[in-house]
Amino acid sequence: MIGESMYQELILEHYKHPQGRGLREPYDAEVHHVNPTCGDEITLRVRVGEAGKIEDVSYDGQGCSISQAAASVLHELTTGSTVRETLSVVDEFTRLMQGRGQVEPDEDVLGDAVAFAGVAKFPARVKCALLSWMAYKDAVVRSAAQ
Amino acid sequence: MIGESMYQELILEHYKHPQGRGLREPYDAEVHHVNPTCGDEITLRVRVGEAGKIEDVSYDGQGCSISQAAASVLHELTTGSTVRETLSVVDEFTRLMQGRGQVEPDEDVLGDAVAFAGVAKFPARVKCALLSWMAYKDAVVRSAAQ
Amino acid sequence: MTQTSFDVERIRKDFPVLSRELPGGRPLVYLDSGNSSQKPTQVIETMREHLALHYSNVGRAMHALGAESTEAYESARDKIAAFVGAPSRDEVVFTKNASEALNLVAYSFGNPANTDDRFRLGPGDEIVISEMEHHSNIVPWQLLAQRTGATLRWFGVTDEGRLDLSGLDDLVTERTKIISIAHQSNVLGTVNPVADVLARARQAGALVMLDASQSVPHHPVDVAALGVDFVAFTGHKMVGPSGIGVLWGRGELLEAMPPFLGGGEMIEAVWMDRSTYAPIPHKFEAGTPPIVEAIGLGAAVDYLSGVGMAAVEAHERELAAYGLDALRELPGLRLIGPDSLEMRGGTLAFTLDGIHPHDVGQILDDAFGVAVRVGHHCARPLHLRFGIPATTRASFYLYNTTGEIDALVRGLHHVQKVFA
Amino acid sequence: MTQTSFDVERIRKDFPVLSRELPGGRPLVYLDSGNSSQKPTQVIETMREHLALHYSNVGRAMHALGAESTEAYESARDKIAAFVGAPSRDEVVFTKNASEALNLVAYSFGNPANTDDRFRLGPGDEIVISEMEHHSNIVPWQLLAQRTGATLRWFGVTDEGRLDLSGLDDLVTERTKIISIAHQSNVLGTVNPVADVLARARQAGALVMLDASQSVPHHPVDVAALGVDFVAFTGHKMVGPSGIGVLWGRGELLEAMPPFLGGGEMIEAVWMDRSTYAPIPHKFEAGTPPIVEAIGLGAAVDYLSGVGMAAVEAHERELAAYGLDALRELPGLRLIGPDSLEMRGGTLAFTLDGIHPHDVGQILDDAFGVAVRVGHHCARPLHLRFGIPATTRASFYLYNTTGEIDALVRGLHHVQKVFA
Ligand SMILES: Cc1ncc(COP(=O)(O)O)c(C=O)c1O
Ligand SMILES: Cc1ncc(COP(=O)(O)O)c(C=O)c1O
């Protein structure tokens, strides 16, 4: 509706039609993250294949559209890439989210995740957007530790 | 020099030429009061005669001109009056001092002590002006208790 | 009722932000005063002028500016004392917010340096709060219980959103040292039956503190008539500035309490190894106080008194009635809190079926400039009690209109469409 | 030296009060900035504009105004972190003044709920302060010693007004848990040798806190370069508003400390019987913070940075040199504090033979509009050390001129005449 809107079409689209939702097998690591301040939850699994390639990111959870859409976008951006590539996307996304609206996002790295730029201005929502991404990072670290 | 001046001629006059200064005998009660915030001190004696008449108020002390002049004015206003009369002067003086410059002083009751009206605007100085007057009240109460 | 003399359009003109346009050309519909209120020009200008022309430190300064600042600061205390019916101005302690006021009282208990029996606290002693409290009236008491080994207990909340008094006599006993509850809930809008709790507290010999952060801004409050021991409230919710709160306490209790924060202004005399303390209220005002903020709060109570607190209350009551009616018509809306006007203020919290409050609040703002609060409103245990993570809350104040409630309702319909 | 670029007349125009006339047509000669500084239009207007157009609560609000306020509030934190060289913005905690910052650290020790060994404190443990401290850096530690049974010890002060380090190794031992001293004395002007004290503290395993209330406003300060653990300072002395102070602490220590004030904003999750806490800095910011005050302080450091802290320091050094020279010519004047420019700031405290400082200050004000501070300046033990009840103190800031020092000297001559 307006330029500053947090609810980019793309976010609503992902919320209404989440990509890759549901918990699947096989997986190398599973994590459960909670945002205690607002009650959002996510369970997330990663499957890492040969040469550090992410073969699947599957998840289930509950929360606001931002947290749900962020998980869906995460699934799209990570599946098929290498662990290393995805971690740099996670870093850039984290930098954007924690930049209080002052950070210029790198669209080349972030792709669709740029749609979340408007969220960064609302500290209370930043955690919603980051919930699944932090869970993903955690899961990747654990899978490597195995 | 100006209307608001705290240093009315009269105050300086009393400071430079204190009335009744020095500790004298006989007396019915002696008190020692200190203003711990600025170190001002006073030792004060009262002598109460027949029919509750204040026969002498003698004192010694150290401190700023306001506290010294206030003791001198106190001596003048109390000596020769009855305890009852002086306590109403003390009350009016206290009311003026604690009025933060908002209280209209009753000149009929206060006499020369009206000169201290400007002090009421400086909370830090109010205690200087009140030191001897509170000591006097204390001494009168003690003398009655004997 | 001063219904007729209450001119909301005139009042709105006093609040500059209400004529502001938000980015994207949205008008501002501010329904978040329960979180923090807007400020009238009268308050803003009083502060500006003081900062520009009369500022200096208070109390300690003996020059013209010092006298002007001290006079303005201490006059603010007089005004606030009068505004809440404090028997003495010396019972009004300035803090930085309501939270500090609540913590100040909590830290008075179980202090090894304390000598007054009423403030002794240890294992076996009990503190009573309620399930509807703001975190600022929960966490200080949890921390106190942790420090001292005392037990924290609480009133439950009924399904209708009222304080559950059914177990009053079991909850409040001779083990209870202090009861601290909200005068008005910041989520439910419920006004609590202080007299009932107080009567039992007096039987049991417990002290009573009221968190009046949500009542003092909205109703005439008379602390003496309430009869409690301590009352906390906060400037920014009552058209005053941030950075200033108030603790009112019975003088005799404040005098008996150990000091809390130590420093300049709260002392009488200091030696390296010991100190004596200033009389109340300064004993609890360590360091340079929020000078301009207190002065701004003085201007705020002048403003509210000018409008008249009875008129403010009546206006909000109208808004609450209108709002309750309007919300009833939305499908899938569940009100959390009393459904009638009895003993409740103009704070309406609710959920919408299948839509997360975060999304409700953000779309209202994004699309219509309607500012409400979403989340647990610093009352997470209350939300747990109702089995929900969050609510959307619209809270009204003297400058709100029924037209703004209409905008809220239109917005909620839109939200339902977006997420349909 | 930016000597040439420093235009004091241009700076004075930024401070509206400096063009004000006092009652009776007196000009204002403000030499009391050590007590509290005046405010430039830039700070006043930033606050006014925020209150009028952008105000709402921070952090918790999810609407346009909430975003604007939060952004402004958190940017102020960034600015202040940069201003004092904090390695991380999260190490900057907003308090209501320096006193609260000092108390916050003091309350972290000996808390039964604390689990970190560095903050354990009890009988046998020692706290070290100095005889030149402001009451705000004495009383919190006295109260701590009282609560815990720990012992309070202190550095003496030499006749010249320097920290007496002769007994350093006996004073600071493995029993010492914390040393808290002034970076610069608010009476003597002395700048203390932090490195010497710190080196011994590190040997002994003690933490070090600096009361930088009088240094941060006047010199470039870099907390990382100083190498200490905690630094406290206060907004109102650095051309910022009242109601705002700062605690900087090493992140790792702030994280290890127990919470101080409990309430909204400082929590992660709350249940009735327990809570978890927010990460720093919010863990120490309970309740609605001094929002507009923090924003005003942000504008203040912008202002000071614009002028340049090195230039401020150089200007004050000139004033101090001029003032020391000028005062030397007054008969019967005794300077309390270092007589040279080495390691000292622009704060000149003195006595006049036979005339009480209260009278000095009041006549200066009455007759000439010269505002100085008289009394013990919240440093009574220091005055006891010098065997005097009070001093007169002139303290300089960026907006002062040598002409104002001339006015002071003229005033002092007049005072001597009045009381001759
Ligand atoms: C050296 C010193 N420490 C602490 C303080 C206390 O600062 P505040 O009054 O802002 O708490 C002051 C000033 O009053 C000071 O000069
Ligand atoms: C009921 C209640 N109590 C306490 C508080 C805390 O007030 P403050 O944030 O000003 O400390 C609030 C508001 O935030 C409140 O609504």
Side-chain angles (χ1 to χ4, degrees), chain C residues 16-17 20 22 35-36 39 44 48 51-53 55-57 61-65 96-100 103 111-113 131 134-136 138-140 142-143 146-147 154 236 241-243 261-264 267 270-272 275 286-288 290-293 361-362 365 371 373-374 378 380-381, chain D residues 16-17 20 22 35-36 39 44 48 51-53 55-57 61-65 96-100 103 111-113 131 134-136 138-140 142-143 146-147 154 236 241-243 261-264 267 270-272 275 286-288 290-293 361-362 365 371 373-374 378 380-381:
Chain C
V17 77
R20 201 197 127 175
L22 296 178
N35 190 357
S36 201
K39 325 299 175 200
I44 300 169
R48 189 196 58 70
L51 281 166
L53 296 177
Y55 178 84
S56 94
N57 215 325
M62 299 188 194
H63 43 62
L65 290 180
K96 69 173 171 177
N97 53 24
S99 302
E100 187 192 349
N103 279 276
N111 180 333
E131 223 175 349
H134 188 280
H135 295 159
S136 291
I138 298 177
V139 183
Q142 288 179 345
L143 294 172
Q146 270 176 41
R147 286 194 304 273
W154 51 87
H236 67 91
S242 53
L261 303 181
I267 56 93
V270 177
W271 297 262
M272 284 312 289
S275 298
T288 302
I291 300 169
V292 183
E293 293 63 34
Q362 211 92 50
D365 173 60
R373 188 165 170 199
V374 293
C378 300
R380 190 169 176 272
Chain D
V17 78
R20 203 198 123 173
L22 296 178
N35 191 356
S36 200
K39 325 299 174 200
I44 300 169
R48 190 197 57 70
L51 281 166
L53 296 176
Y55 178 84
S56 92
N57 215 326
M62 299 187 193
H63 44 62
L65 290 180
K96 69 172 171 178
N97 53 25
S99 302
E100 187 193 346
N103 279 277
N111 181 332
E131 224 175 350
H134 187 280
H135 294 160
S136 292
I138 298 177
V139 184
Q142 288 179 344
L143 293 173
Q146 270 175 39
R147 285 195 304 273
W154 50 87
H236 66 92
S242 54
L261 303 180
I267 56 92
V270 176
W271 296 262
M272 284 311 289
S275 297
T288 302
I291 299 169
V292 182
E293 293 64 33
Q362 210 92 48
D365 173 60
R373 188 166 170 196
V374 293
C378 300
R380 190 169 175 274

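Since this is a predicted model, take the numbers as computed values, not measurements. Letters go in sequence order (proteins before strands), and every chain restarts at 1.
Of the atoms belonging to Leu143(C), it is side-chain heavy atoms, and not backbone ones, that fall under 4.5 Å from chain D. With a 4.5 angstrom heavy-atom cutoff, Gln142(D) touches chain C only via side-chain atoms. With a 4.5 Å cut-off on non-hydrogen atoms, Arg48(D) touches chain C through its backbone and its side chain both. In this structure, chain D has a heavy atom under 4.5 Å from the side chain of Leu22(C), while its backbone stays farther away. With a threshold of 4.5 angstrom between heavy atoms, Asn111(D) approaches chain C through side-chain atoms but not through N, CA, C or O. Contact of Arg373(C) with chain D is made through the side chain alone, with heavy-atom distances under 4.5 Å. When heavy atoms are compared at a cutoff of 4.5 Å, Arg147(C) approaches chain D by way of both its backbone and its side chain. Only the side chain of Ile138(D) comes within contact range of chain C, judged by heavy atoms closer than 4.5 Å. Only the side chain of Ile267(C) comes within contact range of chain D, with heavy atoms under 4.5 Å apart. In this structure, the portion of Asn97(C) lying under 4.5 Å from any heavy atom of chain D is its side chain and not its backbone.
Without hydrogens or angle criteria, Ser136(C) side chain to Gly264(D) main chain gives a donor-acceptor distance under 3.5 Å. At distances below 3.5 Å, at least one donor-acceptor pair connects side-chain atoms of Asn103(D) with backbone N or O atoms of Ser99(D). Between the Asp365(D) side chain and the Ala64(C) main chain, a donor and an acceptor come within less than 3.5 Å of each other. The backbone N or O of Arg380(C) sits less than 3.5 Å from a side-chain atom of His135(C), completing a donor-acceptor pair. Between the side chain of Asn35(D) and the backbone N or O of Asn57(C), no donor-acceptor pair lies under 3.5 Å.
Note that CD of Glu100(C) is 6.0 Å distant from CD of Glu100(D), once rounded to the nearest 0.5 Å.
Chosen from His134(C), Lys96(C), Glu131(C), Met272(C), the residue pairing most often with chain D at heavy-atom distances under 4.5 Å is Met272(C). Contact count versus chain C (heavy atoms, under 4.5 Å) is highest, among Pro112(D), Ala98(D), Ser56(D), for Pro112(D). Looking only at heavy-atom pairs under 4.5 Å with chain D, the residue among Pro381(C), Pro290(C), Cys378(C) that has the most is Pro381(C). Contact count versus chain C (heavy atoms, under 4.5 Å) is highest, among Ser36(D), Ala52(D), Ser275(D), for Ala52(D). Of all the listed residues (Ala286(C), Pro241(C), Ala113(C)), the one sharing the greatest number of non-hydrogen pairs under 4.5 Å with chain D is Ala286(C).
No donor-acceptor contact under 3.5 angstrom links the side chains of Ser242(C) and Glu293(C), judged on distance only. Counted by atom type alone, His236(D) and Thr288(C) present one or more donor-acceptor pairs between their side chains at under 3.5 Å.
By the 4.5 Å heavy-atom criterion applied to side chains, Leu65(C) and Tyr55(C) are not counted as neighbours.
The two residues Pro140(D) and Gly263(C) make their nearest non-hydrogen contact at CD-N, 4.4 Å.
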